[in-house]
Structures are given as C-alpha cells and as structure tokens.
2 protein chains.
Amino acid sequence: MNIGEIARRAGVSRSTVSYALSGKRSISPETRARIQAVIDELDYQPSATARALSSGHTHTLGLVFPPASSHYTDMQLDFIGSLVEAAAGFGYDVLMAASIGDGDKGLRRLVAERRVDGAVLMEIRLDDARVDYLSEAGFPFVTIGRTGRPEHTRWVDMDYTALVGSCVRHLAHLGHRRIAFVNRSERLFRAGYESAHRSLTGFENACEQQGVVGAAYLCGDDAASGEDAIGRILAADPATTALVTVNEAALGGLYRGLAAHGREVPLDFSVTGIALSRWATAVTPQLTAADVSAAEMGRAAVELLLELLATPDAPPRHVLLAPPVSLRASTGPAPESGN
Amino acid sequence: MNIGEIARRAGVSRSTVSYALSGKRSISPETRARIQAVIDELDYQPSATARALSSGHTHTLGLVFPPASSHYTDMQLDFIGSLVEAAAGFGYDVLMAASIGDGDKGLRRLVAERRVDGAVLMEIRLDDARVDYLSEAGFPFVTIGRTGRPEHTRWVDMDYTALVGSCVRHLAHLGHRRIAFVNRSERLFRAGYESAHRSLTGFENACEQQGVVGAAYLCGDDAASGEDAIGRILAADPATTALVTVNEAALGGLYRGLAAHGREVPLDFSVTGIALSRWATAVTPQLTAADVSAAEMGRAAVELLLELLATPDAPPRHVLLAPPVSLRASTGPAPESGN
DNA sequence: AGCTTCTGACGAACCGGTTCGACGCCGAGG
DNA sequence: CCTCGGCGTCGAACCGGTTCGTCAGAAGCT
C-alpha cells in the first residue's frame, strides 16, 4: 500500500503520483484521475514517517512538561485538551513529552531526535533552563508563561500581576482592610514558578497602593493544604476578613477551613481569586474570580508556534491574557469591625 | 549530525555505527570506543523519523478521543497525564489524536498514516464503531472501558456495576429506603457511553436486591445541572434521603442544590458515589466514594498495549478495577421517617 | 518548415537510518 | 601447511516518500 504500488497500478512513475498528490507540478487531468481512482480504491494514505523523513518536517508539535511535576492541575489539563484541538484544526498532531527523572532528558530527546517541528513549554519558571537550551539550539518553541527575560521569546501568559491586583482592589472597595493571599505550593514557588511570583508581586503592589494590610501564604495544591492554610491565616491575624487565591486545587479546602472556623462566606469573610470557571462554579457559594480560559491559551499557543514555523525570522509575538473578574457570590462588604 | 558523519569521523562504515549503537552484531572494543567518542563529542542522537521508517515501528502510542467530546472531565484528563508518564517509563511517546468533526477521520489518519505503533481508545461506547474499525484493520489497540462484546478485545475498565452496587448497599445498611441515582449526561447516555449504562444497571440491580426504592436521573456534566437535578429529585419524591452519583463534575452543584432545599449533609441526606479523590475531598463534607485511580488505569493501559505489541498472538488480557469505597463524611444513618 | 517554448511525465538521487550477504583476517584443528 | 570457522567490518539494498534535472512531444512563432 505504498506509493510504488499506486504508481504501478496507475501505470505511471512514483514521482508522478507524488506530484499528483502534492500538486507541486502540473499533471494532466486524465493522469490525475487515473491515479486518484487507484488511491480511492485502495484507500491509500502516504506514510507520515516517510513523508517526514524526506520533507524534513513531522507535522507534529511537542508539548513538554517540567521534569519535577508529577501532579497536574486542572488548568494544565484543560490546556492540554485545547492545545490538541487547536493543533488538529491546523492539521498538526501533538506529541506529549514527559520529562521524568533526570534533567531535561525528555526535551533533549524530542529535539535531538527531531520528533517534532516545534515545542510548547508549560510550567515556565522565571529562570528556566529548558528555554535557554532551546534558544541556543535554535529550536522553535513557544512558552506558556514567561521567563524573567521574556523579550526575545514567544509566549502566551495570563497577566497574574494585574489579575491579582484586580481582586485586591475589588476587596478593598468592599471595605476589607486585612487581606490574605493564598499562593501556590512552596515547592513551586521555590522552583521559581513564574505565575506564583508574579501573583505575589501583584498582591503586594495592590495592597500597598490600596493601603490595605496584606499577608501572603504558600499553600500546597490540594484541599487538605487549603484547610490548613486557613488555620495559619486566622492564627496569624484573626482580624483577616478576605482572601485572594490563585490555588484552585486548594479552593475546596479553603472553604472548609473557613466553615470550620465559623466564618460564613461571604457574610464574615470574602473569597476571590483566579480559577477555571469549572472550579469557581463548583464551590458554594460560587467564587467571584477571574475566569482563566485554557481554551484560549491553547489556541493562541498553537497560532504563535505555527507562525514561528512559517516565518522563523518574524519578530517574536506575545499574547497576554487578562480575563475580567466575574462577580459571583463569594465576596461581600467587609463585616463591621468590632462585631 | 547524521550517522554518515559519525561514520566518517570514526573512520568506519555507517553500518558499523548502527551495529555499535544497537549491539545486534559484535563490534571490537576499540572500534566501539572510537565510535562512542565521536558520538559523545557531537552529542549525536539518531533521528527518530529515519529509525521509524526503516525499523517499521515508531515507538509512539496514540491516544484517541471520541469525535463528539469537546469537553473533558477531570477523570479523563488525569488519565491522560498518567498514560503519558507510564508510556515514558517504557521509552514510548504519546501522540494525541483529536478526532474533531466527521466520524473517525482522526483515527483513520493515525492508523493509515502509520504514525503510531498502537492506540489507546477512551470514552468507549457499548457499540463502538472505532473498535470495529481497528479490529478489522488488525491494528493493535487497548480500550479504556468495554464495548458490549468485550471478549476479544483488550481493555482496562472500572467495575461500575459493582461499585455503584456497593454504594447502594452502603446506603441501604444505613437505613436509607428511597435512593436517587445521578448519572452522566443524557447525551452521553444516549450515545451508549458504557460507564453510564453499566452504572445504571448496577444501581437497578442493587436496589432490587436490597429492596429499596431507586430513582435514576440523567444529569449534565456541570455544577448547574447538578443543582437542577436535586430540584427534580426532590420534586419527584420529597422522601428521598440519599443519592449515589457517578457524575463528579456535577458534585458541587448537587451539594449546593441540597443546601438550597434545606437538606443538610449528612444529617438529612446522604451522598455517595464514584469520583476522583481530588474531587471527593474538595467538597464539604467530604464525599464517601469509590476513589477512581486514573494513574492505575493509565499504567495498566500502557502495559496491556505493550504486551500486545510484543506478543500479538497472546490471548487478550483485561484489567477490571474496583477500588474500595472510602468512608468520609457525606453519609450517615437515614433520618427517622416522619421527622 | 524550422526553431523555441511549454507541458507532462520519467528516472535517479536523497532523507537517515537498519539489515542482509559477503569477505578478509586470525586462530584452532587435522 | 592447509582448511575451516568465527569475528569484525564493509557495501549495498531497502523503508516510502520528495524533489531535481531531463527529455519527448505538442504548441506557438516567424
């Protein structure tokens, strides 16, 4: 079922079949029809592997996970789905590269063995060795999130700084004066995970600007850690009346912790943050939050990467997303002090 | 940076380099060392594409989504992650095939263009055209879930019938006599999605066996639908005191609906079901549920598929998982009737 | 009619590996 | 001393496409 077989049955040469298929040279209508008939009859599809070898591109994009992560958040997983769909829309497949274990071995394989035409990197750190590696190797890539020096790379990111700032302002306008910030896990923060750092910056800046007292906490990416974080927050400052979080996995635990400490949302305590709308609407009361759109990020990432493959020398483009904060039921006026 | 370059620099033929790399023929220690030195110096990695073309296998597994689904559940997404990690552990990559649009075009491409050595099919229906197609084509595959005639295929599945049965028995032993079942969406059920059907069977059988009154409901895969389902359940039979669900995406809505109708969990109403432990622990009170393990399913699927690739004629193996029901805080004794 | 130009098809080389058959060399056995 | 066998290496063919150079024949021009 290879091209030679088609050529033989159609009574033409292999190259003629190839040209008929690609349209890169003109073929007489009769010949083309004869070839097409044979192709239809045998249900022939050219081998992707052979095509990749000779043409030099695989029509596949690589999606790279960080070495350390073995636990995926919903946001990441949604992003994967949307990336695959977006890529399929352009006729590209997506190859998942898990870099487990030592260093960036998985990435090296992807690049050095030339399995993909370009790569999408997730879970970017402010100082990311993978970005340096790909830049030096001249391998086309797009990052989800920015490094500390984002000028020369192509990326798609959420504007965490601005979004967390919006949340703080929202709370400040409601009269809250002592606000906690529940960040991602200590491990991720220590590793330099960019969204954790930019979120914190946004929190600190906004608190200062609004003249409110802010206290930032790290919190593991699970419900139990969220519950624990509430304990720490209220122990440190019982007068806290609101929190902002970027840790959607801990959200359920945060609510539970508040209930356990007798704080009713949103009467006694307001909660807001950044989350997938799926999570924001799953909790009771529903979360007032900036709804991140994994689908939008996936589409943008694919578009950026294909642009790069088509025109490698075009100046780098970036996409910075800042979805509006959806008002739901988890925030309200600050309780009157002294009550 | 190809094999010819290595051969030239090491002063040997290309085939010698190939044999040194694969170890399929003996090479003298000196020659081997010389070749290795050149390889190390140039950081040479053989092209995956060329290797695939000549060797006939791609060292890649395909992961196939159903055409209709554009919205992923957490369980599916977790499964993807674990599949990728499991495959990586065996040196395989995973290619994601989104079959958007018409029929099984995406699947055809995967198979006909020979992009992958074998495929994993998700979201299996009782009567699944993709399974028939792959079977006829003689293409190696493993399904997540079973079709209606599972004898001759290889699959990994949860024992939904048994698990839902366990949940019903648990409730019956607590004294509940009127139990509702919240299934997946009508669309999925109509499409013949196997877990929805097998769950229902398990529910009906167990109710009959336990002599309790069971009422089954379909429910969209989101929080709002869950809230709505509670309304329907209590309207149809206000005396209902417990529910079993396999719809984890609706879980938050179910809780909210119960609260809205003045039912306190677990005092007035017990909730149980099948869910990722991530979701089960995210709600308040935490859900008594059979914790599904996406990681275990991913690993099992890869193992089954690699077994099949290694020994195509071995009799088909299956893996049926039935995790125990974890007792948490969402179930309790039935409220005394008349109260 | 003679010359150029254009069209449509062919053959061969190439992409970068793997694998088979052959062959030279060296040591062991008769 | 000659033969046989095994080891180590080479050359060539092959996997299934793409693409370049070439060329025969038809069409266009003077």
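Lettering follows sequence order; numbering is per chain, from 1.
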Students often get this wrong, so: under 4.0 angstrom with heavy atoms, is [X] touching a base, only sugar-phosphate, or nothing?
| X | answer |
| --- | --- |
| B:I27 | sugar-phosphate |
| B:S47 | sugar-phosphate |
| B:V12 | sugar-phosphate |
| B:S28 | sugar-phosphate |
| A:S15 | base |

For a quick check, tell me whether the side chain of [X] and the base of [N] share a donor-acceptor pair closer than 3.5 Å.
| X | N | answer |
| --- | --- | --- |
| A:R51 | D:dG16 | no |
| B:R114 | D:dG17 | no |
| B:R25 | D:dT9 | yes |

If you define the side chain from C-beta out and look only at heavy atoms, does anything of [X] sit under 4.5 Å from [Y]?
| X | Y | answer |
| --- | --- | --- |
| B:T153 | B:L134 | no |
| A:V292 | A:D78 | no |
| A:T60 | A:V116 | yes |
| A:F79 | A:V120 | yes |

When you measure from the side chain of B:S18, which nucleotide among D:dG17, C:dT19, D:dT9 comes out closest?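 The nucleotide sitting nearest to the side chain is C:dT19.
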
As a test of reading the structure: which of C:dC10, D:dT18, D:dG16 is closest to the side chain of A:Y19, going by heavy atoms?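 Between C:dC10, D:dT18, D:dG16, the one nearest the side chain of A:Y19 would be C:dC10.
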
Grab the [atom1]-[atom2] distance between [X] and [N] for me, whole Å please.
| X | N | atom1 | atom2 | answer |
| --- | --- | --- | --- | --- |
| B:N2 | C:dG16 | CG | P | 5 Å |
| A:R8 | C:dC10 | CZ | P | 15 Å |
| A:R14 | D:dT18 | CZ | C1' | 9 Å |
| B:E5 | C:dG17 | CD | P | 11 Å |
| B:R34 | D:dG8 | CZ | C1' | 12 Å |
| A:R32 | C:dT7 | CZ | P | 15 Å |
| A:H57 | C:dC15 | NE2 | P | 16 Å |
| B:I3 | D:dC10 | CD1 | P | 12 Å |

Check whether any side-chain nitrogen or oxygen of [X] sits under 4.0 Å from OP1 or OP2 of [N], and answer yes or no.
| X | N | value |
| --- | --- | --- |
| B:S26 | D:dG8 | yes |
| B:S13 | D:dC10 | yes |
| A:S54 | C:dC14 | no |
| A:K24 | D:dT19 | yes |

Need to verify one output field. Residue with the more 5' nearest nucleotide on DNA chain D, B:E30 or A:Y44?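 By nearest-heavy-atom nucleotide position, the 5'-most residue is B:E30.
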
Quick check: on DNA chain D, is the nucleotide nearest B:L53 upstream (toward 5') of the one nearest A:S55, or the reverse? Name the residue that is more 5'.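 The residue closer to the strand's 5' end, by nearest nucleotide, is B:L53.
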
Is it the case that the side chain of B:R114 and the backbone of A:Q45 share a donor-acceptor pair, with hydrogens and angles ignored and the cut-off at 3.5 Å?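 Looks like yes, one N/O pair under 3.5 Å.
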
Steps toward salt bridge (Lys or Arg N to Asp or Glu O under 4.0 Å) verdict (A:E5, A:R8): CA-CA 5 Å; A:E5 179 71 12; A:R8 217 174 42 70; 3.2 Å; yes

